[in-house]
Q: 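Got a structure here, written out as structure tokens. Questions coming.
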Protein chains: 2
Amino acid sequence: MAEKTKLWYLQNFNMLEGMSPKMMKELEQNTSMQSNSKKEIIYFPEDASNTIYFLKMGKIKIYRLSEDGKTTTLQLLGPGEIFGESAILGQDTHDNIAEVVEDAVVCAIDKRDFQDLMEKSSKLTMSVNKFIGWRLRKIQAHVEDLVFKNASQRITSFLHRYVETFGKKMVDGWMVRPFLTHQEIADLTATARQTVNQVLNELAERDVIKFSRRFLHLKGDLDQLES
Amino acid sequence: MAEKTKLWYLQNFNMLEGMSPKMMKELEQNTSMQSNSKKEIIYFPEDASNTIYFLKMGKIKIYRLSEDGKTTTLQLLGPGEIFGESAILGQDTHDNIAEVVEDAVVCAIDKRDFQDLMEKSSKLTMSVNKFIGWRLRKIQAHVEDLVFKNASQRITSFLHRYVETFGKKMVDGWMVRPFLTHQEIADLTATARQTVNQVLNELAERDVIKFSRRFLHLKGDLDQLES
DNA sequence: ATGGACATGTCAGCAATATGACAGTCCATC
DNA sequence: GATGGACTGTCATATTGCTGACATGTCCAT
């Protein structure tokens, strides 16, 4: 396969669709591309927020630590998503930790360059607004889940989203690979590792899923993972 | 007027400042003003999201209901704040309920008019971005509270924010008036009414606060309401 | 192939806080 | 100034799901 260019990568982001070739060229010149392997940290809280990132491959998690060492993961991001957006939202430092969960390819753009482009293209600005709206909606849904749902419902509906977002449809259901550790799911759902284990095994018991360290297989339709 | 903290400034930053008089004039012509009294609903979920609102006076709460009738309040907004912003973030319906908590005066602007203005003024666009970033930060902090703090810490730190945002500095501490009902605090902190009652009385016992249905008086410094 | 590190499985006990019930209080308004 | 409805205070009880402890399993580097 031909090596994929930076331009090719950039063109595949929804947020950038509809931009003129000239703009894309300009964007490309200001973009640097980097590969990051599992467990690498892209930024920490308090780090200067000068760069906005486009995730091309792999997975990134955005999370926080409490004073007493607990973890909560705010987002699990896959290809096509943007992070570090606080840079263009008027913050000069990050609030969260961004860590690579699966080896990633990331495009980095300086916030000034990006802001220049936004000034030139109201289309881009609109896309950015849309993206932020999406982000806001997702986190509001997260709050709603935390308040209204119990642990097992949160885990089940997380699995739903996870399969929907990252899984492949098969004749006999859905397959996601690789799978997450139970601790990672616990951090995403504000539950304990042991609770995740229990819920996962109950679902396997009921023959809704099959799983191992490497994969998650949903037998049948997504709506089996309701609430 | 109360001493202005950084938070106060952030909360009340005027999204429209720095706009030319001509722009302001244009904005004014597209703005309608309305008064709404306590318990009035400004919008429901699924309502068309065509309008963005500026709150001039009073308080508004943004909240959600669960299927089984529970309530969680996402935000309590005071003068200077904007709501209904989903209109300019690419959503065509609202997700939340906006209800008047204290008799309010609200300016309403059609989203198209506002978007036109944004196209003309990149300064306004930047301000909007900043505002959204601030909103995003607040809700992330909300998630962090829900996950890391226990009920009484959530209630106490809510009181901290409430006093800081809405209170007046006095010689002997801070005064907020009117106060909220215990149920309203419970909805804001994802706790039960009875728990709020208990925590409030404990704080009064420890002589940190004095309160009634009408007012909340913090005796001394804000940092007594830590975590 | 082996050892060590990390992940999973399982269980008992406990703590936090929700729930439900009911009495007491406030206050708007008739 | 009487009355009804909403709000507050207090308790006893139920329960969810966390914690800690430990055994077992899996993977990878050497």
Side-chain angles (χ1 to χ4, degrees), chain A residues 37-39 61 66 68-73 99 101-103 145-159 177-206 209-217 227, chain B residues 37-39 61 66 68-73 99 101-103 145-159 177-206 209-217 227:
Chain A
S37 49
K38 202 168 165 168
K39 304 206 177 200
K61 66 178 173 188
S66 73
D68 53 337
K70 291 202 188 81
T71 300
T72 192
T73 304
E99 180 182 322
V101 174
E102 277 173 39
D103 293 0
D145 276 10
L146 288 172
V147 177
F148 292 151
K149 291 181 176 168
N150 64 27
S152 110
Q153 292 171 324
R154 288 202 302 278
I155 293 164
T156 311
S157 69
F158 166 75
L159 292 176
R177 185 194 303 269
F179 195 31
L180 304 163
T181 68
H182 298 183
Q183 185 62 60
E184 273 166 333
I185 297 171
D187 293 344
L188 279 154
T189 54
T191 57
R193 197 213 94 215
Q194 293 92 325
T195 308
V196 172
N197 180 284
Q198 186 186 306
V199 171
L200 244 29
N201 285 322
E202 274 164 18
L203 286 168
E205 198 74 28
R206 287 170 37 211
I209 62 172
K210 216 178 120 191
F211 69 96
S212 76
R213 291 184 186 199
R214 303 178 168 294
F215 69 89
L216 169 65
H217 178 208
S227 89
Chain B
S37 49
K38 202 169 164 166
K39 303 205 179 202
K61 67 178 172 187
S66 73
D68 52 337
K70 291 202 189 83
T71 300
T72 193
T73 304
E99 182 182 322
V101 174
E102 276 173 41
D103 293 1
D145 276 10
L146 287 172
V147 177
F148 292 151
K149 292 181 175 168
N150 64 29
S152 111
Q153 291 170 326
R154 287 203 301 280
I155 293 164
T156 311
S157 68
F158 166 74
L159 292 176
R177 185 195 301 270
F179 196 30
L180 304 163
T181 69
H182 298 184
Q183 185 61 61
E184 272 166 334
I185 297 171
D187 294 343
L188 278 154
T189 53
T191 57
R193 196 211 95 216
Q194 292 91 328
T195 307
V196 172
N197 180 283
Q198 187 187 306
V199 171
L200 243 29
N201 284 323
E202 273 163 20
L203 286 168
E205 198 73 29
R206 288 170 36 210
I209 63 172
K210 214 179 121 193
F211 69 97
S212 77
R213 290 183 187 202
R214 303 179 168 294
F215 70 89
L216 169 66
H217 178 208
S227 96

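In the text below, chain A, chain B and the rest are named by the order of the sequence lines, each starting its count at 1. Computed from a predicted model, the values in this text were never measured in an experiment.
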Q: Give a yes or no answer on whether the side chain of A/Arg154 reaches the backbone of A/Thr189 with a donor-acceptor pair at less than 3.5 Å.
A: yes

Q: Using a 3.5 Å limit for the pairing distances, which stems of at least 3 consecutive Watson-Crick or G-U wobble pairs does DNA chain D take part in?
A: C:1-30 with D:1-30

Q: Tell me: NZ of B/Lys38 to P of C/dC27, nearest whole Å?
A: 12 Å

Q: Do B/Leu188 and B/Leu180 come close enough that some side-chain heavy atom pair is under 4.5 Å?
A: yes

Q: For B/Lys61 versus B/Thr73, what's the shortest heavy-atom pair and its separation?
A: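 Residues B/Lys61 and B/Thr73, closest heavy atoms: CB-CG2, 3.9 Å.
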
Q: Once side-chain hydrogen bond (donor to acceptor under 3.5 Å, both in side chains) is applied, do any residues pair with A/Thr71, and if so which ones, sequence neighbours excluded?
A: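 Counting only residues at least two positions away or on another chain, A/Thr71 forms no side-chain hydrogen bond (donor to acceptor under 3.5 Å, both in side chains).
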
Q: Which distance, rounded to the nearest 0.5 Å, do you find between the CZ of B/Phe179 and the CD of B/Glu184?
A: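 Separation between the atoms: 10.0 Å.
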
Q: Once you round it to whole Å, what is the distance between C1' of D/dG9 and CD of B/Gln183?
A: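 Whole-Å distance recorded here is 14 Å.
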
Q: With side chains defined as the heavy atoms from C-beta onward, is the minimum distance between A/Gln153 and A/Thr156 less than 4.5 Å?
A: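 When only atoms from C-beta onward are counted, A/Thr156 and A/Gln153 do not touch, as no gap falls below 4.5 Å.
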
Q: Atom CG of B/Leu146 and atom CG of A/Leu146: how far apart are they, to the nearest 0.5 Å?
A: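 Reported value, rounded in 0.5 Å steps: 5.5 Å.
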
Q: Taking 4.0 Å as the cut-off, does a side-chain nitrogen or oxygen of B/Asn197 come that near to OP1 or OP2 on D/dG9?
A: yes

Q: Checking B/Glu102 now: which residues fulfil salt bridge (charged side-chain N to carboxylate O under 4.0 Å, His left out) with it, not counting sequence neighbours?
A: B/Lys59

Q: Protein within reach of the bases, or only the backbone? For nucleotides 25-30 of chain D, mark each nucleotide 5' to 3' as B, S or -, using heavy atoms under 4.0 Å.
A: BSS---

Q: May I have the list of side-chain donor-acceptor pairs in residues 199-206 of chain B shorter than 3.5 Å, sequence neighbours left out?
A:
{"residue": "B/Asn201", "atom": "ND2", "partner": "B/Asn197", "partner atom": "O", "Å": "3.1"}
{"residue": "B/Asn201", "atom": "ND2", "partner": "B/Asn197", "partner atom": "OD1", "Å": "3.0"}
{"residue": "B/Glu202", "atom": "OE2", "partner": "B/Gln198", "partner atom": "NE2", "Å": "3.4"}

Q: Taking only residues two or more places apart in sequence or in another chain, which ones pass side chain to side chain contact (heavy atoms under 4.5 Å, CB included) with A/Lys70?
A: A/Ser66, A/Asp68, B/Phe148

Q: Expressed in angstrom and rounded to an integer, what is the separation of B/Phe215 atom CZ from C/dC27 atom P?
A: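 Interatomic distance, CZ of B/Phe215 to P of C/dC27: 11 Å.
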
Q: Find the distance A/Leu216:CG to C/dA7:C1' and express it as a whole number of Å.
A: 17 Å

Q: Are the side chain of B/Asp187 and the backbone N or O of B/Thr72 linked by a donor-acceptor pair below 3.5 Å?
A: no

Q: What residues form a side-chain hydrogen bond (donor to acceptor under 3.5 Å, both in side chains) with A/Thr195, not counting sequence neighbours?
A: none

Q: Side-chain donor-acceptor contacts of residues 209-216 of chain A below 3.5 Å, not counting sequence neighbours, with atom names and distances?
A:
{"residue": "A/Ser212", "atom": "OG", "partner": "A/Arg214", "partner atom": "N", "Å": "2.9"}
{"residue": "A/Ser212", "atom": "OG", "partner": "A/Phe215", "partner atom": "N", "Å": "3.4"}

Q: Let me know the distance between CD of B/Glu184 and P of D/dA6, rounded to the nearest Å.
A: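 In whole Å, D/dA6 P lies 14 Å from B/Glu184 CD.
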
Q: What residues, two or more places apart in sequence or in another chain, satisfy side chain to side chain contact (heavy atoms under 4.5 Å, CB included) together with B/Gln194?
A: B/Ala192

Q: Take the protein atom CD1 of B/Ile185 and the nucleotide atom C1' of C/dT17, then report the distance between them rounded to whole Å.
A: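 From B/Ile185 CD1 to C/dT17 C1': 17 Å.
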
Q: Using whole Å, what does the distance between atom P of nucleotide C/dA16 and atom CD of B/Glu202 come to?
A: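 Those two atoms, CD and P, are 12 Å apart.
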
Q: Distances under 3.5 Å only, N/O to N/O: pair up the protein atoms with those of nucleotides 1-3 of chain D.
A:
none

Q: Give the rounded distance in Å between these two atoms: CZ of B/Phe179 and P of D/dC7.
A: 14 Å

Q: Using OP1 and OP2 only, check whether a side-chain N or O of B/His182 sits under 4.0 Å from D/dG9.
A: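 Checking B/His182 against D/dG9: at least one side-chain N or O falls below 4.0 Å of OP1 or OP2.
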
Q: When every nucleotide of nucleotides 14-20 of chain D is labelled 5' to 3' by its protein contacts under 4.0 Å (heavy atoms), B for base, S for sugar-phosphate only, - for none, what sequence of letters results?
A: ---SSBB

